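For clarity, every value in this text was computed on a predicted model and none was experimentally measured.
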Amino acid sequence: MNRFAKLLLTTAFVAQTGFAAAQTLVVSEWGYTPDQTDELVNAPFEAEHGVEIIVETGNNPDRLNKMAVRGGVDVILLTDAFSQQGIDRDVFGTIDAAELSNLSQLTEAAQRPQGDFGPAYAVGRYGIIYDSAKVEPITSWSDLWREDLAGQIAMPGFNTSSGPMTVLVAASRVGVDAYADPDAAFASLAELSPNIVKTYNTGSELVNLFSTGEITVGALQDFAVPAILAAVPTARWAPLDEGNFAIYNTLNIAADTPNRDLAIKYIDFRISAAVQQAMALAVGDGPTNTTVALPAGDYPFASTPDQINSLISVDYSQLLAVRDDWATRWNDVFGQ
């Protein structure tokens with residue numbers, strides 16, 4: 001049930017019974033795993049605090065823009081690239097570290113990833129997956145440029161969380177700094193173009209491309225790995241010599257929320273060890289809480305503090321400063 005349908009039902013309930021409805025908390029998120037999130041996060045929080053959570057779903061840029069333009073959201077979940085945009089647009093309220101009882105349990109990078117704003121409740125990796133039954137092993141980002149992979153790869157579009165990271169990869173391949181020498185970086189990216197079947201905008205698009213056999217290699221965030229493995233059991237996550245990029249999923253409160261105290265409690269709940277462990281096992285959210293103890297196993301996400309600390313970080317303030325120029329250059333290469 002969407003937010004507006006719930007509001008209509010709530011209004012009708014109050015009119016017919018005269019009883020005040022429960023306090024509501026509007027949470028904006030992707031909706032990629034709605035059943036698990038409702039069962040393991042939202043329903044327990046509702047029961048504990050006597051509130052009703054209304055979930056709004058969509059991709060990062062659309063949700064952030066809606067929040068900035070019309071408001072009506074209390075808590076928003078975004079990848080760090082987009083939460084930085086929200087910070088720059090003065091959309092979020094600041095959070096004092098003392099307000100979050102579970103904050104000190106997070107890895108240092110996840111506690112205050114963007115200053116005095118929300119913490120990171122999950123960490124993902126940007127890397128490569130390939131069908132081992134059809135493709136020779138991939139061990140380096142530069143393998144994406146291999147001639148035998150012509151017309152076999154999908155990678156994220158520029159306006160996704162990880163799209164601009166591919167520019168950094170292209171620059172590294174030719175030994176330049178993408179910020180200092182974008183000409184060389186995008187010339188390298190142009191050499192990759194013949195290998196690209198599609199630049200995708202959602203994880204479900206990538207899963208479909210693998211499922212139908214349209215691609216054998218994907219550059220991706222690791223949250224999509226379980227669905228790809230279910231569709232293509234011979235798919236393998238590539239151990240890259242250069243490492244993977246870190247993508248943090250952040251929690252932030254709206255600057256104008258009338259439910260600030262409840263929003264803070266929701267954020268604290270989501271970064272707790274119990275919730276992070278449940279979501280890691282259910283949907284593959286890489287935990288940032290260092291007290292989470294997962295059963296021994298091979299997980300499709302960074303599952304230990306050492307693995308998280310080895311990930312490559314991105315300076316989003318630096319990236320956002322060149323984003324418009326890079327977007328134009330990207331469109332010149334890929335025509336979209």
Side-chain angles (χ1 to χ4, degrees), residues 29-30 32 60 76-87 103 105-115 117-129 138-142 144 155-173 177-179 203 206 218-226 237-252 267 270-271 276 279-280 283-292 294 298-323 326:
E29 53 115 319
W30 297 272
Y32 191 69
N60 283 287
I76 190 166
L77 284 64
L78 296 165
T79 57
D80 43 6
F82 288 93
S83 54
Q84 183 63 54
Q85 293 181 38
I87 291 167
L103 189 68
Q105 297 176 6
L106 306 188
T107 62
E108 184 175 353
Q111 290 182 25
R112 313 291 277 175
Q114 293 164 315
F117 295 91
Y121 71 92
V123 61
R125 299 171 295 175
Y126 179 48
I128 300 172
I129 195 169
I138 290 176
T139 60
S140 168
W141 281 106
S142 63
L144 292 177
M155 70 180 189
F158 185 79
N159 289 323
T160 64
S161 301
S162 48
M165 296 178 187
T166 316
V167 181
L168 302 179
V169 169
S172 177
R173 170 180 171 261
D177 182 326
Y179 302 106
L206 182 64
L220 78 165
Q221 293 184 49
D222 58 6
F223 74 87
V225 170
W237 179 261
L240 303 176
D241 294 339
E242 306 91 339
N244 302 118
F245 289 89
I247 299 174
Y248 283 100
N249 290 351
T250 64
L251 291 153
N252 275 284
I267 290 175
R270 289 210 68 152
I271 63 174
Q276 288 208 8
M279 290 296 284
V283 303
D285 279 354
T288 58
N289 191 310
T290 61
T291 68
V292 170
L294 297 173
D298 184 17
Y299 294 99
F301 53 84
S303 59
T304 69
D306 285 345
Q307 290 174 342
I308 294 171
N309 292 333
S310 70
L311 298 175
I312 303 167
S313 297
V314 176
D315 183 344
Y316 287 106
S317 59
Q318 187 178 24
L319 192 153
L320 289 174
V322 298
R323 187 179 180 88
W326 282 16

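Note that CG of Leu206 and CD1 of Ile129 are 8.0 Å apart. Values are rounded to the nearest 0.5 Å. Note that CG of Asn289 and OG1 of Thr107 are 9.0 Å apart. Values are rounded to the nearest 0.5 Å. Between the CG atom in Asn249 and the OG1 atom in Thr79 there is a gap of 6.5 Å [rounded to 0.5 Å]. Expressed to the nearest 0.5 Å, how far CZ of Phe82 lies from CG of Asn252 amounts to 14.5 Å. Remark: Phe245 CZ to Thr166 OG1 distance equals 8.0 Å, nearest 0.5 Å.
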task: Assess whether side chain to side chain donor-acceptor pair (under 3.5 Å) is satisfied between Gln114 and Ser83, documenting all intermediate values.
output: CA-CA 8 Å; Gln114 293 164 315; Ser83 54; 2.7 Å; yes
task: May I have the step-by-step check of side chain to side chain contact (heavy atoms under 4.5 Å, CB included) for Met279 and Tyr121, ending in yes or no?
output: CA-CA 10 Å; Met279 290 296 284; Tyr121 71 92; over 6 Å; no
message: Apply side chain to side chain donor-acceptor pair (under 3.5 Å) to residues Thr288 and Gln276 and explain how you reach the verdict.
response: CA-CA 8 Å; Thr288 58; Gln276 288 208 8; 3.1 Å; yes
task: Show your working on side chain to side chain contact (heavy atoms under 4.5 Å, CB included) between Leu144 and Met155 and close with a plain yes or no.
output: CA-CA 10 Å; Leu144 292 177; Met155 70 180 189; over 6 Å; no
- request: Before giving the answer on side chain to side chain contact (heavy atoms under 4.5 Å, CB included), spell out for Phe301 and Val283 the whole-Å C-alpha distance, their side-chain angles and the decisive distance to 0.1 Å.
  value: CA-CA 10 Å; Phe301 53 84; Val283 303; over 6 Å; no
Side chain to side chain contact (heavy atoms under 4.5 Å, CB included) assessment of Tyr248 paired with Ile308: CA-CA 10 Å; Tyr248 283 100; Ile308 294 171; 3.6 Å; yes
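Taking the six-membered ring where the residue is Trp, Phe223 and Tyr32 present perpendicular rings, their angle passing 60° and hence far from 30°.
Taking every heavy atom of both residues into account, Glu242 and Trp141 meet most closely at OE1-N, 3.2 Å. Residues Pro119 and Leu103 share a closest heavy-atom pair of CB-CD1, 3.7 Å. Among all heavy-atom pairs drawn from Ala302 and Pro287, the shortest one is O-CD, 3.9 Å. Here the closest non-hydrogen pair linking Ala110 and Pro113 is O-CD, 3.3 Å. The shortest non-hydrogen separation linking Asp222 to Gly124 is OD1-CA, 3.5 Å. Pairing each heavy atom of Thr160 with each of Pro156, the nearest pair is OG1-CB, 3.2 Å.
Looking at Tyr126 and Leu168, their side chains never come closer than 4.5 Å, going by heavy atoms from C-beta outward.
For Tyr179 and Trp326, the ring centers sit closer than 6.0 Å to each other.
Arg125 contributes a side-chain N or O that, together with a main-chain N or O of Pro300, makes up a donor-acceptor pair within less than 3.5 Å. Using a distance-only test at 3.5 Å, with no hydrogens or angles considered, no donor-acceptor pair links the side chain of Asn60 to the main chain of Leu78. At least one donor-acceptor pair under 3.5 Å links the side chain of Gln111 to the backbone N or O of Leu106. A side-chain donor-acceptor contact under 3.5 Å links Thr304 to the backbone of Gln307. Of the possible donor and acceptor atoms, none in the side chain of Ser172 sits under 3.5 Å from a partner among the backbone N and O of Val169.
With Tyr316 as the partner, the side-chain contact (heavy atoms from CB on, under 4.5 Å) test is satisfied by one option alone out of Gln85, Arg323, Gln84: Gln84.
In the displayed structure, Glu108 atom CD is contacted under 6.0 Å by at most 12 heavy atoms of other residues, nucleotides or ligands.
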